[in-house]
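As C-alpha cells, the structure follows; a few thoughts come after it.
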Amino acid sequence: MGQIAGQPIAFHNYDTVIVGSGAAGLNCAVHLYEFMSHKGIKNPQERIAVVTAGLGLGASRMSGSDKQTYYKIGTSPDVPDSAEEFAKTLTAAGCCHGDLALAEAIGSLREFYHLVQAGVSFPTDSMGSFIGYKTDNDPFERATSAGPKTSKFMTECLQKQLERYGVKIYDNQEVGHLLTVGSGQSKRIAGVVTIDKKTLNESNYAINVFLGANIVLAAGGPGELYKTSVYPKSQVGIHGLAFKAGLIEENLTESQFGLASIKFRWNVSGTYMQVIPRIFSTDSKGKDHREFLTNFFPSMGRMATNIFLKGYQWPFDPQRIEGGQSSLIDILVSNETQKGRRVFLDFLHNPTVPDRNIRGDSMEDFDISVLEPEAYDYLKKAGALQETPIERLFAMNPLAIEIYKENGIDLYSEPLEIALCAQHNNGGFAVDKWWQSNIPRTFIIGEMAATHGVKRPGGAALNAGQVGGLRAAEYIVNFYGCPPQSIPPQLLAQQERGDSQVEIEQQLSQFVARLESYKSSAGLIPEQVIEEIQNRMTASAGHIRELNNASEALEKAVKLYKDIQEHGFKLEDARGIIAAIRAEHLALTSVAYLKAIVELLKQGSGSRGSHLVLSEDGDQIHPDIINGATGRALRFKPENKELRDSVLQVEYDRAAPELFRCRAIQVRPMPAERKAFEPCWRDYREGKIYS
Ligand SMILES: Cc1cc2nc3c(=O)[nH]c(=O)nc-3n(C[C@H](O)[C@H](O)[C@H](O)COP(=O)(O)OP(=O)(O)OC[C@H]3O[C@@H](n4cnc5c(N)ncnc54)[C@H](O)[C@@H]3O)c2cc1C
C-alpha cells in the first residue's frame with residue numbers, strides 16, 4: 001500500500017493484467033495460464049490477473065438473441081470448408097485486414113473445441129457432428145449456438161476453468177486511467193488504475209493500481225454511447241481512456257444496428273423473425289394500432305418472406321432496402337419510432353392486412369402458403385408450419401420464449417416492443433496479426449479490437465474474441481517470455497526511483513487531483529452529460545447519417561468535452577465519481593466516433609455496412625418515406641466501393657482542433673505464403689514465427 005496526494009493506493013504486480021471479464025478476457029487468461037504451464041513456468045496463476053468492473057456485466061454475460069450465434073469453420077461431415085474460404089467471407093464487404101481474417105479463420109476450430117472442452121454445450125448429432133445453420137452475411141452453414149445465452153455459457157465455463165487454475169479475478173474495479181511510461185517507440189502502458197466500486201467512500205477513493213509487463217485490454221464496446229441501444233446497461237468500455245493512452249482506432253464508423261426488444265434488451269433475430277410475427281405500431285400511449293408495413297410491400301408473400309428473412313439478415317443493411325428487401329423493415333420501424341410511435345412484435349397473430357380503405361387494400365390475407373420458397377421450405381424443414389407465430393416459435397425454439405419469461409415478458413399474452421438499436425462496433429483499436437496494438441506489450445482483444453470489416457457474418461464477433469485471446473496469450477508467453485517478476489509490489493517504497501516510477505507517481509497524483517476537482521459545485525452533472533452524449537449519438541451517428549448534421553454534432557461533442565475539462569463535475573457524493581469518470585471518457589469517445597464519421601462522409605463513402613448516408617440527389621426509397629429534416633422523400637447515396645481497400649484510422653491529438661487526427665491506410669492483404677513442413681518446423685522451434 002502506498003500513499004499519494006493523501007490517498008491510500010494499493011499496488012498489485014503481475015506479469016500480465018487483463019482488463020475485462022467477458023468471453024474474450026477470460027479466455028485469454030485461460031490460455032495464458034496454459035501456455036505458461038506448458039513452458040514449465042511455476043505457479044502461472046500468480047502472474048496473471050483479470051480486472052473487471054463486473055464479473056456479471058458486459059455483453060458476453062448479459063446479451064443474446066433467439067439462439068446466440070458462434071461462427072466457426074464448417075464442421076459438416078460432407079460440406080468441405082477451408083480457412084481461406086472462411087477468411088474470404090470475413091473480408092468480402094471490404095475494409096478488413098487479410099492477415100487478421102486468415103488468423104481468425106485458422107484459429108477458429110482450435111478455439112471452438114477449446115470452448116467445447118471447457119464445457120460449453122454446443123449441440124451435436126448422434127455421430128458427434130456439430131451441425132451448423134446459416135447466419136447474417138454467411139453463404140455457408142457455419143454458425144452454431146448453445147442457445148439464447150451462448151456467450152453467457154462461454155464466460156461461465158471459462159470462469160470455472162480460471163477458478164480451477166487459481167487465477168485471481170479482481171471484481172468491481174472501474175478503470176479510471178491507463179498508466180503510460182516512456183515516449184515514441186519505447187512508450188508502454190505500464191498499468192491500470194481502478195476504483196473499487198464497493199469500498200469507495202468520501203475520504204477513501206479505494207484506488208488500486210495493477211502493474212503489468214503486458215496489458216491485455218478486453219473491456220468490450222462503448223455500449224453506453226447510444227440512447228437506442230441493445231448493449232446491456234452499464235457496459236461503458238474504456239475507449240476514451242485508451243485513446244488518451246495513445247492507442248489508435250480503426251473502422252470506428254462501422255457500428256451495427258438491428259431490431260431488438262427494449263424493455264428487456266435482447267436481439268430479435270433468428271427465429272423471432274423467421275416465425276413471421278405481426279408487426280404493428282401504436283401512438284406513445286399504446287393506442288391507435290397501425291399495420292404500418294403493408295403499404296410498402298407489393299404483396300403479402302413478399303412482406304411475410306422479408307419478415308422471415310430478417311431472422312438471418314438481421315443487421316440493418318442499406319444494400320438490402322431497394323426493391324422491397326428485408327432491411328426496408330428496419331427503415332420502416334425507425335421511421336415509426338422517429339415519429340414518436342412505438343413498434344411491437346405480436347406473436348399471437350400473423351401479419352394482418354389493415355383497414356381496406358387505406359393504401360395496401362389490394363394485399364391478400366396471410367396464409368403460410370403465400371411465402372416464397374426460401375421461407376416456406378425452411379419452415380417446413382423445421383417442422384414449423386403451425387397456425388400462429390407463437391406456435392411456430394414454440395416448435396422451433398421454446399428457449400426463445402423462455403428467455404423473455406425469465407425477464408418478466410410473456411410472449412403468450414403481450415406484444416414485444418422493439419426498436420432499431422445499436423448493437424456492436426465492427427471497429428475498435430488497431431491490432432497486428434498477434435492482436436498487439438500500436439503500443440508494444442499492449443494487446444487488444446474482443447469487441448475492443450478492430451478486426452472486422454464493414455460487414456461480418458453473425459457470430460464472427462465471438463469467434464474473433466476467442467482467437468484474439470489465443471493469439472495474444474501465445475505471443476506474450478513465447479515472444480516476451482515470463483521473466484521473474486521484477487517490480488516490487490510496493491512501487492513507491494523504493495529508494496531509487498527510475499524514470500518510469502516518477503512518471504507513474506505523477507500520473508497518480510494527477511488522477512487523484514482530477515477526482516478531487518470532480519467535486520466542484522459549479523460543474524456539470526455526469527448523468528446529464530451521458531444523456532446528452534447518447535441523444536446526440538443516436539440522432540447523428542446512428543443508422544442514418546448526413547454530413548452537415550454529423551459536423552454540427554461533432555462541434556457540440558468537442559464543446560462538451562472541453563466544458564468538462566474546464567468546469568469539472570458537480571457530484572452529490574463520492575459514489576458520483578464513477579459516473580463522472582464514465583461521462584468524461586464517454587464524451588471523448590463520442591468525439592472520436594463523430595470525427596471518424598465526418599471524415600468518412602467527406603471521403604464520399606456512401607451507404608455501407610449498417611448505415612445509410614442521406615443525399616439530396618441520391619436514390620429514393622419510397623415516396624412515403626420522408627426525411628424528417630427536409631420534409632421531402634428520403635434519398636440515400638449508394639456505397640463508394642473504391643474505399644473498400646482502405647481503413648480509416650483515428651488517433652487522439654490534444655492539440656488538434658477536433659481532438660483527433662484521421663488517416664486512411666491500405667488494408668493488409670491475406671498472407672499467401674504456404675511453407676513446407678520442415679522449414680516451418682524450424683521457424684517454430686527457433687521462435688521465428690513471432691518475429
Ligand atoms: C444483444 C446482443 C446480441 C449479440 N449477439 C451476438 C451473436 O449472436 N454472436 C456474436 O458473435 N456476437 C454477438 N454479440 C456481440 C458479442 O456479444 C460481443 O461482441 C462480445 O460478447 C464482446 O465480448 P468481450 O469479451 O469483448 O466484451 P464484453 O463481454 O462486453 O465484456 C467487457 C468486460 O469489460 C468490463 N468493463 C467494461 N467497461 C469497463 C470499465 N470501464 N472498467 C472496468 N471494466 C470494464 C465489463 O465488466 C466486462 O467484464 C451480441 C451483442 C449484443 C449486445
Side-chain angles (χ1 to χ4, degrees), residues 18-28 50-72 135-136 143-152 154-155 158-159 169-178 192-197 210 216-224 226 229-242 256 258-261 264-270 312 314-315 421-426 428 444-449 451-452 456-466 468-469 578 581-582 585-586 589:
I18 299 166
V19 179
S21 57
L26 294 177
N27 181 56
C28 184
V50 177
V51 175
T52 181
L55 198 43
L57 304 179
S60 314
R61 204 51 90 132
M62 299 173 78
S63 302
S65 56
D66 77 311
K67 50 182 187 305
Q68 198 191 12
T69 300
Y70 192 95
Y71 193 70
K72 49 150 188 57
T135 172
D136 326 314
T144 184
S145 173
K149 304 178 197 169
T150 302
S151 59
K152 179 169 188 277
M154 287 163 62
T155 54
L158 292 164
Q159 184 189 334
I169 300 174
Y170 292 86
D171 203 359
N172 298 305
Q173 303 297 316
E174 183 77 22
V175 177
H177 180 69
L178 299 176
V192 179
V193 184
T194 68
I195 290 188
D196 188 326
K197 295 188 287 182
F210 296 90
V216 180
L217 301 181
E224 287 282 346
Y226 286 89
S229 169
V230 64
Y231 278 93
K233 282 196 169 147
S234 84
Q235 170 49 38
V236 65
I238 55 168
H239 281 48
L241 303 175
Q256 267 194 336
L259 297 177
S261 56
F264 162 55
R265 291 183 170 193
W266 206 248
N267 279 2
V268 291
S269 54
Y312 51 80
W314 178 79
C421 295
Q423 185 245 9
H424 184 265
N425 191 306
N426 283 353
I444 320 253
I445 60 171
E447 192 172 333
M448 249 193 109
T451 61
H452 308 290
R456 66 173 173 92
L462 292 178
N463 178 68
Q466 298 303 284
I578 300 296
I581 288 174
R582 291 175 164 200
H585 67 74
L586 265 184
T589 306

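This structure is a prediction, so every number in the text was calculated from the model and none was measured. Whatever order the structure lists ligands and atoms in, that order sets their numbers, starting from 1. We're numbering straight along the sequence, starting at 1.
At least one heavy atom of Gly54 lies less than 4.0 angstrom from ligand 1. Under a 4.0 Å heavy-atom criterion, Gly237 is in contact with ligand 1.
Looking at Val230 against ligand 1, both its backbone and its side chain come within 4.0 Å, counting heavy atoms. Residue contacts with ligand 1 for Ser269 are absent, since no atom lies close enough (heavy atoms, distance under 4.0 Å). At a heavy-atom cutoff of 4.0 Å, ligand 1 is contacted by the backbone of Gln173 but not by its side chain.
Comparing Leu57, Val19, Asp66 by heavy-atom distance to atom 48 (C) of ligand 1, the nearest is Leu57. Atom 1 (C) of ligand 1 has its nearest heavy-atom neighbour, among Leu586, Asn267, Val268, in Asn267. When Ala219, Gly469, Gly20 are checked for heavy-atom proximity to atom 32 (C) of ligand 1, Ala219 turns out nearest. Summarising the contacts of atom 42 (N) of ligand 1 with Ile444, Val175, Asn463, Ile18, the nearest heavy atom is found in Val175. The heavy atom nearest to atom 29 (O) of ligand 1, out of those in Gly58, Gly56, Gly468, Ser60, is found in Ser60. Scanning Pro148, Ser65, Gly428, Ala461 for the heavy atom closest to atom 12 (N) of ligand 1 points to Ala461.
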Before giving the answer on side-chain contact (heavy atoms from CB on, under 4.5 Å), spell out for Arg456 and Asn463 the whole-Å C-alpha distance, their side-chain angles and the decisive distance to 0.1 Å. CA-CA 11 Å; Arg456 66 173 173 92; Asn463 178 68; over 6 Å; no
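Using modelled atom types, no side-chain atom of Thr69 and backbone atom of Ala143 make a donor-acceptor pair closer than 3.5 Å.
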